[in-house]
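Because only heavy atoms are used, hydrogens play no part in the values below, and waters and symmetry mates are left out as well, while side chains stay in. This one's a predicted model, so the numbers in the text were calculated from it and none came from an experiment. By convention here, the first residue in the shown sequence is residue 1.
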Amino acid sequence: MRKYYCRDEGFKTVGNPDEACWIDVTEPDAEDVRLLTDREGVPRMFLEYLEDKDERPRVERDGEWMMTILRIPVKSRDKTMPYQTVPLGVISKVADRVITVCFHNNSMIEDFALLTRQKCIEVADVAEFTLRIFYSAAFCYLGYLKTLTNDVIGAEKALEKSIQNDDLMWLMRMQKSLVFFNTSIKGDVMVLERIQKIYGASLDQDLVEDVDIELRQADTTVGIYSDILEGTMDSYASIISNNVNGVMKRMTGLSIILMVPTFVASLYGMNVNILLTGRYSFWIIIGIATVLTAAAFLILRRLKWV
């Protein structure tokens, strides 16, 4: 799917590609790839890089073409984790025309275009456009992190009532998402530093500072949430271990209590001459077993084994 945007107090969609200063291509099909390579002249190698979901953030050059790859957060289609990160490419050849390509469905680009219209942001060139994309990516990370926080709180409340495997698995999946976030944000920060070296003094330094602050805030937030989630997982692991120890201790106590009447019954069940063979011997033996069992129960109760 592709959209064309022109500058008009922000980015507004247009139907004519020749009027567009920005072309956005999301989840490109064969026709989109053909248009990018044949009509726009985008190097096919760039698209092959972006098609790899594990592609790392960096700056690539091919002749006059330059591509900046950053990673953005998206909802995962994989059930092993709720969120993941995917590569987004900002491709340009001339200063007043830019192409963004992402092989995965995402809401960040549309939110970015909407924000420019709401705030009437006029983007002067590719350098400023790239910085604002990084800015939107940082806000996108922070938004997903707030959602993750709510998910963690919900899982913790569920675990307070009853520790279930599904809840623990959900926490583990969120921890995996945070690992992806952490790695991707650090890569985006490194690329931002590379962009500053490429464009130099032509960049809006206030905007650069804002982008750097937001990315580092996202990085710090990911680290905090990772530590909290890791501590939560360790705490529940300790709780589960303590619960298992408590159950095993009670089972051992009950085994000891049941062993007393079994021992008495076994002793008097042997085929040898023994005491208490009279008329009331059965009830006497039952009484002895009962007294000894009660004594064992009281002793173990005092020791908090039952």
Side-chain angles (χ1 to χ4, degrees), residues 1-17 19-29 31-33 35-36 39-40 42 46-47 49-53 55-60 65-77 83-93 96-147 180-181 184-185 187-188 191-192 195 207 210-211 214-215 218:
M1 180 180 66
R2 57 184 180 271
K3 292 183 178 180
Y4 302 100
Y5 295 90
C6 70
R7 295 188 187 91
D8 185 7
E9 295 182 345
F11 286 107
K12 294 185 178 180
T13 56
V14 294
N16 186 359
E19 298 177 1
C21 63
W22 169 28
I23 302 174
D24 173 52
V25 183
T26 304
E27 295 184 295
D29 54 20
E31 177 63 22
D32 294 328
V33 172
L35 181 140
L36 288 173
R39 187 178 188 279
E40 300 296 332
V42 174
F46 284 1
L47 302 180
Y49 289 154
L50 294 173
E51 194 172 4
D52 182 4
K53 67 177 183 178
E55 195 64 43
R56 307 313 309 156
R58 65 179 189 276
V59 177
E60 279 285 337
W65 287 93
M66 186 177 79
M67 176 176 68
T68 302
I69 302 176
L70 67 154
R71 294 190 68 87
I72 62 173
V74 297
K75 289 185 177 180
S76 177
R77 297 177 180 176
Y83 309 104
Q84 64 178 8
T85 60
V86 297
L88 169 72
V90 180
I91 306 171
S92 62
K93 182 180 180 181
D96 59 348
R97 187 176 176 87
V98 65
I99 301 169
T100 55
V101 180
C102 183
F103 278 79
H104 303 267
N105 185 33
N106 68 88
S107 60
M108 194 201 81
I109 293 296
E110 188 172 345
D111 292 341
F112 166 69
L114 178 61
L115 179 66
T116 61
R117 293 194 296 271
Q118 291 175 341
K119 295 189 175 182
C120 299
I121 298 174
E122 292 289 347
V123 179
D125 51 25
V126 173
E128 183 180 351
F129 180 91
T130 304
L131 286 178
R132 292 197 177 277
I133 286 289
F134 272 87
Y135 200 41
S136 292
F139 270 102
C140 195
Y141 275 113
L142 291 172
Y144 277 110
L145 286 171
K146 290 180 181 178
T147 304
F180 275 91
F181 280 15
S184 298
I185 291 173
D188 288 350
V191 173
L192 178 63
I195 290 173
L207 180 58
D210 290 342
V211 174
E214 294 299 328
L215 278 176

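- Taking the side chain as every heavy atom from C-beta outward, I23 and V101 never approach each other to under 4.5 Å.
- Considering only heavy atoms from C-beta on, V126 comes within 4.5 Å of T130 through its side chain.
- Comment: E27 engages R77 in a salt bridge, judged by a side-chain N to carboxylate O separation of less than 4.0 angstrom.
- The 12-atom threshold is not exceeded at CZ of F180, counting heavy atoms of other residues, nucleotides or ligands nearer than 6.0 Å.
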side-chain contact (heavy atoms from CB on, under 4.5 Å) assessment of L115 paired with R132: CA-CA 11 Å; L115 179 66; R132 292 197 177 277; over 6 Å; no
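- A donor-acceptor pair under 3.5 Å is absent between the side-chain atoms of R56 and the main chain of P87, judged by distance alone.
- Between the S136 side chain and the I133 main chain, no donor and acceptor come within less than 3.5 Å of each other.
- Listed for the D32 side chain is a donor-acceptor partner under 3.5 Å among the backbone atoms of D29.
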- Task: Take V59 and V191 through the side-chain contact (heavy atoms from CB on, under 4.5 Å) test and state the conclusion after the steps.
- Result: CA-CA 7 Å; V59 177; V191 173; 4.1 Å; yes
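- Looking at heavy atoms from C-beta onward, F103 lies out of side-chain contact with V86 at the 4.5 angstrom threshold.
- What you find for A20 and R97 is that their closest heavy atoms are O-NH1, 2.5 Å.
- Nearest heavy-atom pair across P73 and A137 is CD-O, 4.4 Å.
- A donor-acceptor contact shorter than 3.5 Å is absent between the side chain of R58 and the backbone of I69.
- Just one of F139, F134, Y5, W22 meets the ring-ring contact (aromatic ring centres under 6.0 Å, His included) condition when paired with F112; it is W22.
- Salt bridge annotation for K93-E40: absent, with no cationic side-chain nitrogen under 4.0 angstrom from a carboxylate oxygen.
- For the atom pair CG (L215) and CG (L70), the distance works out to 9.0 Å, reported to the nearest 0.5 Å.
- Within a 6.0 Å sphere centred on CD of E110, heavy atoms belonging to other residues, nucleotides or ligands number 12 at most.
- The distance from the CG atom of L207 to the CG atom of L131 is 5.0 Å, given to the nearest 0.5 Å.
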### Derivation and outcome, side-chain contact (heavy atoms from CB on, under 4.5 Å), residues I91 and L50
CA-CA 11 Å; I91 306 171; L50 294 173; 4.3 Å; yes
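- E60 CD to T68 OG1: the interatomic distance, rounded to the nearest 0.5 Å, is 10.0 Å.
- Note that OG1 of T13 and CG of D24 are 11.5 Å apart. Values are rounded to the nearest 0.5 Å.
- Between the R71 side chain and the S184 main chain, no donor and acceptor come within less than 3.5 Å of each other.
- Taking the six-membered ring for Trp, F11 and F129 have ring centres closer than 6.0 Å.
- Looking at heavy atoms from C-beta onward, M108 lies in side-chain contact with L88 at the 4.5 angstrom threshold.
- Pairing each heavy atom of Y4 with each of L35, the nearest pair is OH-CD1, 3.9 Å.
- Taking OG of S76 as the start and NE2 of H104 as the end, the distance is 10.5 Å to the nearest 0.5 Å.
- Judged by distance alone, the side chain of N16 and the main-chain N or O of V14 form no donor-acceptor pair under 3.5 Å.
- Y144 and K75 make their closest contact through OH-N, 3.8 Å (heavy atoms, listed as atom of the first residue, atom of the second, distance).
- Ring centers of F181 and Y141: under 6.0 Å apart, within the cut-off.
- Minimum interatomic distance between A218 and A138 (heavy atoms only, all atoms of both residues): CB-O, 4.4 Å.
- Taking D8 as the reference, K12 meet the salt bridge (charged side-chain N to carboxylate O under 4.0 Å, His left out) condition, with sequence neighbours excluded.
- Separating the CD1 atom in I109 from the CD1 atom in I72 is a distance of 6.0 Å, to the nearest 0.5 Å.
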